[in-house]
Amino acid sequence: MFSYRHAFHAGNHADVLKHTVLIATLDHLLEKEAALTVVDTHAGAGLYRLDGDYAGTSGEAAEGVLRLLSEAKAAATPLPDALARYLEVVGDFNPKGGARIYPGSPFITHHLLREHDKLKLFELHPTDARTLDANIAQLEAGRQIAVLREDGFGSATKFLPPPSRRALVLCDPSYEIKSDYARVLEFVAGALKRFATGTYAIWYPIIPRPEAHDLPRRLKTLSTKAGKSWLHATLTVKSSKIVTDAASGATHRPGLPASGMFLINPPYTLKPLLEAALPQMAQRLGQDRHAASSIESGG
Ligand code: SAM
């Protein structure tokens with residue numbers, strides 16, 4: 001079984017990118033009255049304690065949402081809209097300030113959805129699925145939310161297209177196994193065939209591995225061939241180079257240096273919002289001179 005637990009990574013720089021994009025996308029899609037279905041193919045546990053054992057061990061939020069929060073307090077100028085909105089949503093879960101509680105994609109999404117919208121959550125890890133179930137039960141959302149202990153890649157397309165023909169699909173695997181990259185492509189290709197007008201948001205890690213490098217290129221080809229518009233945003237916070245200690249010769253892996261979000265059929269409002277927010281994200285979350293961001297779109 002998988003060893004990846006999102007609790008170790010909750011609120012890190014990749015979550016800042018992913019959840020800023022998620023919120024900006026949902027805000028736009030929810031402007032229309034017709035019901036929206038959100039399919040979260042890899043949901044995680046839903047809600048995280050940043051002062052708990054998992055997050056405390058890795059401390060990744062300190063270089064992500066917590067850093068952004070303290071930067072925002074000290075900043076002379078207001079944050080760009082998409083970043084301010086991200087912190088506003090995190091703040092809704094922390095009425096006393098700070099970010100002791102960090103909402104994962106299921107809770108962020110549910111927080112923004114209206115009563116007539118639907119949320120389908122897939123989580124395969126037994127412990128995370130149990131925690132997700134328990135967290136979601138507290139929302140007393142009834143039939144609005146379905147939690148499925150099923151393979152998101154294999155099963156999520158059964159909800160496509162939804163009756164209202166309006167859906168956002170978030171595909172956020174852990175990429176623990178190399179085959180996840182190919183499965184993302186296979187999943188998106190199959191989903192697009194069933195439901196070509198849905199909005200798809202795919203997160204991926206930018207790491208020195210050919211599959212990770214190829215994924216956005218292949219997603220671009222897929223979107224272009226399907227005649228769909230796309231948007232690709234990346235955030236780099238540090239160099240990906242393995243550092244060798246001169247004295248001991250010990251090598252140190254830098255941890256996740258960068259990540260990207262690839263969207264198919266993105267809202268037209270997303271690009272200008274991210275053009276303003278991404279450079280600020282890189283500046284405020286950057287850990288060395290390699291910090292950078294990029295955005296491109298097509299179709
Ligand atoms: N989307 C979540 C968020 O933003 O808060 C984080 C998800 S985490 C990156 C990926 C999750 O996918 C992990 O909890 C892992 O257990 C789960 N997972 C891995 N393979 C899966 C699969 N084939 N189907 C469903 N869930 C899977």
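As the structure is a prediction and not an experimental result, all values here were calculated from the model. Note that ligands are numbered from 1 as they come in the structure, with each ligand's atoms numbered from 1 the same way. In this chain, residues are counted from 1 in sequence order.
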Salt bridge or not for [X] and [Y], using N-O below 4.0 Å?
X	Y	answer
Arg183	Asp180	no
Glu150	Lys158	yes
Arg130	Asp133	no
Lys238	Asp288	no
Asp40	Lys120	no

What atoms of ligand 1 come within less than 4.0 Å of a heavy atom belonging to [X]?
X	result
Ala43	1 (N), 2 (C)
Gly104	5 (O)
Asp128	14 (O)
Asp172	1 (N), 2 (C), 3 (C), 4 (O), 6 (C), 7 (C), 8 (S), 9 (C), 10 (C)
Gly152	22 (C), 24 (N), 25 (C)
Asp151	22 (C), 23 (N), 24 (N)

**Part of Thr41 within contact of ligand 1 (heavy atoms, under 4.0 Å)** = backbone
**Asked** Which one holds for Glu150 and ligand 1: side chain close, backbone close, both close, or neither close, with close meaning a heavy atom under 4.0 Å?
**Response** backbone
**Message:** Please determine whether residues Leu273 and Leu22 belong to a single hydrophobic cluster, defined as Ile, Leu, Val, Met, Phe, Trp and Tyr linked transitively by side-chain heavy-atom distances below 4.5 Å.
**Reply:** no
**Request:** Using heavy-atom distances, let me know which of Arg149, His19, His9, His42 sits nearest atom 21 (C) of ligand 1.
**Result:** His42
**Complete:** atom 14 (O) of ligand 1: of Glu123, Arg183, His125, the nearest heavy atom sits on Glu123
**Prompt:** Would you say ligand 1 has an N or O under 3.5 Å from any N or O of Lys18?
**Reply:** yes
**Asked** Taking distance alone, with no angle check, do Ser105 and ligand 1 share an N/O pair under 3.5 Å?
**Response** yes
**Request:** Could you check Arg149 against Phe122 for side chain to side chain contact (heavy atoms under 4.5 Å, CB included), going step by step and ending with a plain yes or no?
**Result:** CA-CA 6 Å; Arg149 284 187 199 192; Phe122 288 83; over 6 Å; no
**Asked** Side-chain contact, heavy-atom cut-off 4.5 Å: Thr20 with Met261?
**Response** no
